[in-house]
Amino acid sequence: MSIDNIIAQAVARAVKELYGVDADPASIVPQTTKKEFEGNLTIVVFPWVKAARKSPEAVGAEIGDWLVANEPAVNRYNVIKGFLNIVIEPAYFTSMLSHIAETPGYGFKEPSDDSPLVMVEYSSPNTNKPLHLGHVRNNLLGYSLSRILSACGNRVVKTNIVNDRGIHICKSMLAWKKWGDGATPESTGKKGDHLIGDFYVLFDKHYKAELKELVAKGLSEEEAEKQSPLMLEAREMLRRWEQKDPEVRGLWEMMNNWVYAGFDETYKRLGVDFDKIYYESNTYLEGKDKVLEGLDKGIMYRKEDGSVWADLTDAGLDHKLLLRSDGTSVYMTQDIGTAKLRYQDFPIDKMIYVVGNEQNYHFQVLSLLLDRLGFKWGKDLVHFSYGMVELPEGKMKSREGTVVDADDLMDEMIQGARDVSAERGKGDFTPEESEEIARIVGMGALKYFLLKVDPRKNMTFNPKESIDFNGNTGPFIQYTYARIRSVLRKAADAGYKAEGYGAVEPNEKEISLIQHLADYPSVVAEAGRTYSPALIANYVYELVKEYNQFYHDYSILNESVAAVRALRLALSEEVSRVVKSGMSLLGIEVPERM
């Protein structure tokens, strides 16, 4: 049993005996004592002040006295206002370390057959352009969240919805048809998603030139947009696609397949994957059927022009269009169709959509509609709303070709790791080993920098800052891990083992490290509860920072007392294990050598 549980149960017994209060030990959550006060764990005593009819200080002192008299784990205490700071007997920390070392999968809960089934949707790319920096944040958040939820004991299905239909797709198709000259990924040497993205930008370039010409002839901007021959052609292509014209569908399939091959390559480099991929071209018709079903049931209504709407004013929202007057679908309809297919495929208990915060209203509406259409998880769906990511230079725009391409960004990060490694000039590695370390460090820097920030916040991604080997960065954590593994290898070579330290009383720094390790399960649980990979990232950083101070202040291999050396080796082993575990929840690898 962890020291937190021991103290929580002891406090529950104390308040029962002292004040006749039945307190659930699970509701008593000891916190790590603030550094400015003496103590290891702190209990907030305010919940029992009313029953005791005494001041918070008096209640704290009474509970403290009871613990010292009745709980062997408690050495002494002090009270600051309503906070009871408890000093734990040092011997308990060595048993705590042993408990951690002996626990397989420490910090994680194993899912069972009856665990909740949680589906996490992330990525959601369009097939008219390659993945960019915004997609990178989305994919990393979604993948990390999936791993964290699994570590919290849920069954998790990772899913993706590909936006493979619509006017934006037709723009790329039309540009390829007009100016592509039969270009293929093979003939150009370009990844398919990059090639198609180039044609999307090319369409916009010609379209803007056309608008300029039309305005110069005396048309207003609005008139020019309506009369643009290029846009009219693109809309005609979309109409033919919806009518399943064989020529348009053939071109669409060929170009989409080029894009999918490119996406797969990018996903593999990012280290993310999916259990099931859905396509908007399949789901939008399903959504249409579901909306018409809702119309029959009186959940939706039809206007005179034939369009179908939902009245959400009773929920404080407005009227929402679901089918246009010509019968075509909107995004909301597609999401309803996707939900229908997913619910047929999986008995979902919870659905989490990883989508940027500009879609907050969309998901408010979707939740209401799904609930009214009978999806049991609709009302409680989670929109994991995250902030936008920008570069120091500012925002990015796909149509203008100013986005930061995901592949280019990964190349830049790995090259940055190579450059830093060359500057440091450390390590006797083969070229292959050096390249693999550069990949691990470069990708770790990218992932960590994007995941350490509270996902709800907008952020600026600075590649140079992220690759730094000092401070709250991926490389700093990876380097510390490699350093610990080096110490453990040297210990093994010298025949030293992390055994026989049970009688050692750890010093203050060692106790602090053990407490950090003991916090890991609750941090994982909290990250799952609040959907925040940032909690894991910053916990690992604090653990590594604490270990580095310990490493600087105390000898490990040169410690002459064998039992003390064994304790420090055990501490090092468990810190490295938790660092590797925590980083794996972020989808980040850690190198054994650097």
Side-chain angles (χ1 to χ4, degrees), residues 1-12 24-34 39-44 71 73 86 88 92-112 114-116 118 143-156 350 451-452 477 480-481 484 498 506 510-547 550 570-588 590:
M1 189 186 295
S2 73
I3 193 66
D4 286 32
N5 289 336
I6 290 170
I7 296 303
Q9 291 189 12
V11 170
D24 179 3
S27 70
I28 301 169
V29 184
Q31 305 290 327
T32 301
T33 304
K34 291 183 178 178
N40 304 114
L41 295 174
T42 297
I43 297 290
V44 179
E71 176 48 64
I86 299 165
I88 304 297
Y92 272 83
F93 287 101
T94 51
S95 62
M96 193 190 301
L97 181 60
S98 296
H99 165 75
I100 292 168
E102 290 162 8
T103 305
Y106 177 66
F108 292 7
K109 288 182 183 174
E110 279 294 319
S112 64
D114 57 355
S115 293
V118 181
Y143 183 73
S144 177
L145 183 61
S146 300
R147 299 199 75 148
I148 290 166
L149 290 170
S150 180
C152 291
N154 299 284
R155 292 176 297 143
V156 176
K350 187 173 283 292
L451 292 173
K452 73 176 181 179
I477 293 167
T480 302
Y481 175 83
I484 297 172
E510 289 158 350
I511 286 173
S512 178
L513 262 180
I514 295 168
Q515 270 196 276
H516 271 74
L517 291 171
D519 289 340
Y520 184 52
S522 59
V523 172
V524 173
E526 183 67 5
R529 190 185 68 78
T530 59
Y531 309 122
S532 180
L535 288 180
I536 301 289
N538 289 290
Y539 164 80
V540 174
Y541 170 62
E542 290 299 327
L543 176 63
V544 158
K545 198 165 66 166
E546 190 76 15
Y547 182 86
F550 159 75
L571 251 182
S572 300
E573 179 67 55
E574 294 316 307
V575 168
S576 74
R577 185 160 71 109
V578 168
V579 168
K580 186 173 186 176
S581 170
M583 292 293 263
S584 78
L585 293 178
L586 305 176
I588 299 175
V590 283

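Just so you know, residue 1 is the first one in the sequence shown, and it goes up from there.
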(request) Mark yes or no for whether D24, through its side chain, and A26, through its backbone, hold a donor-acceptor pair below 3.5 Å. (result) yes
(request) State the CG-CE distance between L451 and M583, to the nearest 0.5 angstrom. (result) 9.5 Å
(request) Could you pull out the closest heavy-atom pair between A73 and I6, with the gap in Å? (result) CB-CG2, 4.2 Å
(message) Once side chain to side chain donor-acceptor pair (under 3.5 Å) is applied, do any residues pair with S112, and if so which ones, sequence neighbours excluded?
(response) D114, S115
(request) To the nearest 0.5 angstrom, please state how far the CD1 atom of I536 sits from the OG atom of S144. (result) 7.5 Å
(message) Taking L41's backbone N and O only, do any of them form a donor-acceptor pair with T33's side chain (distance below 3.5 Å, no angle check)?
(response) yes
Extract all donor-acceptor atom pairs below 3.5 Å that involve side chains of residues 511-521 and protein atoms in other chains or at least two apart in sequence.
unit_1: S512; atom_1: OG; unit_2: E546; atom_2: OE2; d: 2.6
unit_1: Q515; atom_1: NE2; unit_2: N40; atom_2: O; d: 2.7
unit_1: H516; atom_1: ND1; unit_2: S512; atom_2: O; d: 2.9
unit_1: D519; atom_1: OD2; unit_2: T32; atom_2: OG1; d: 3.4
unit_1: Y520; atom_1: OH; unit_2: S581; atom_2: OG; d: 2.6
unit_1: Y520; atom_1: OH; unit_2: G582; atom_2: N; d: 3.3

(request) For the residue pair P506 and T94, establish whether any side-chain heavy-atom pair is separated by less than 4.5 Å. (result) yes
(request) Indicate whether any N or O donor in one side chain lies under 3.5 Å from an N or O acceptor in the other, for S572 and Y547. (result) yes
(request) Quick one: pull up OH in Y92 and OG in S95 and give me the separation to the nearest 0.5 Å. (result) 7.0 Å
(request) Report yes if the side chains of F93 and E510 come closer than 4.5 Å at any heavy-atom pair, otherwise no. (result) no
(message) Among residues at least two apart in sequence or on other chains, which ones pass salt bridge (charged side-chain N to carboxylate O under 4.0 Å, His left out) with R147?
(response) none
(message) Give me the atom names and distance for the closest heavy-atom approach of A12 to P25.
(response) CB-CG, 3.9 Å
(request) List the atom of N154, the atom of L149, and the distance in Å for their closest heavy-atom pair. (result) ND2-O, 2.9 Å
(request) Count the heavy atoms belonging to other residues, nucleotides or ligands that lie under 6.0 Å from NZ of K580, then report whether that count exceeds 12. (result) no
(message) I need the full list of side chain to side chain donor-acceptor pair (under 3.5 Å) pairs touching residues 532-541, with sequence neighbours left out, sorted by first then second residue.
(response) N472-N538
(request) Report the residues that fulfil side chain to side chain donor-acceptor pair (under 3.5 Å) with Q31, sequence neighbours left out, ordered by chain and then residue number. (result) none
(message) I want to check something: taking the side chain as every heavy atom from C-beta on, are I148 and Y531 in contact at a cut-off of under 4.5 Å?
(response) no
(request) Measure the spacing between NE2 of H99 and CD1 of I3 and express it to the nearest 0.5 Å. (result) 11.0 Å
(request) Please lay out, stage by stage, how T480 and V579 fare under the test side chain to side chain contact (heavy atoms under 4.5 Å, CB included). (result) CA-CA 9 Å; T480 302; V579 168; over 6 Å; no
(message) Which heavy atom of A525 sits nearest to which heavy atom of C152, and what is that distance?
(response) CA-SG, 3.9 Å
(request) Identify the two heavy atoms, one from I7 and one from I86, that lie closest to each other, and give their separation to 0.1 Å. (result) CG2-CD1, 3.8 Å
(request) Would you list the pairs meeting salt bridge (Lys or Arg N to Asp or Glu O under 4.0 Å) in which at least one residue belongs to residues 94-103, sequence neighbours left out? (result) none
(message) Between D4 and S522, does the side chain to side chain contact (heavy atoms under 4.5 Å, CB included) criterion hold? Intermediate values first, please.
(response) CA-CA 10 Å; D4 286 32; S522 59; 5.7 Å; no
(message) If I compare all heavy atoms of S150 with all of P111, which pair ends up nearest, and what's the gap?
(response) O-CG, 3.8 Å
(message) Within the 4.5 Å heavy-atom criterion, are T42 and P30 side-chain neighbours or not?
(response) no
(request) Report the distance from atom OG of S576 to atom CD of E574, rounding to the nearest 0.5 Å. (result) 7.5 Å
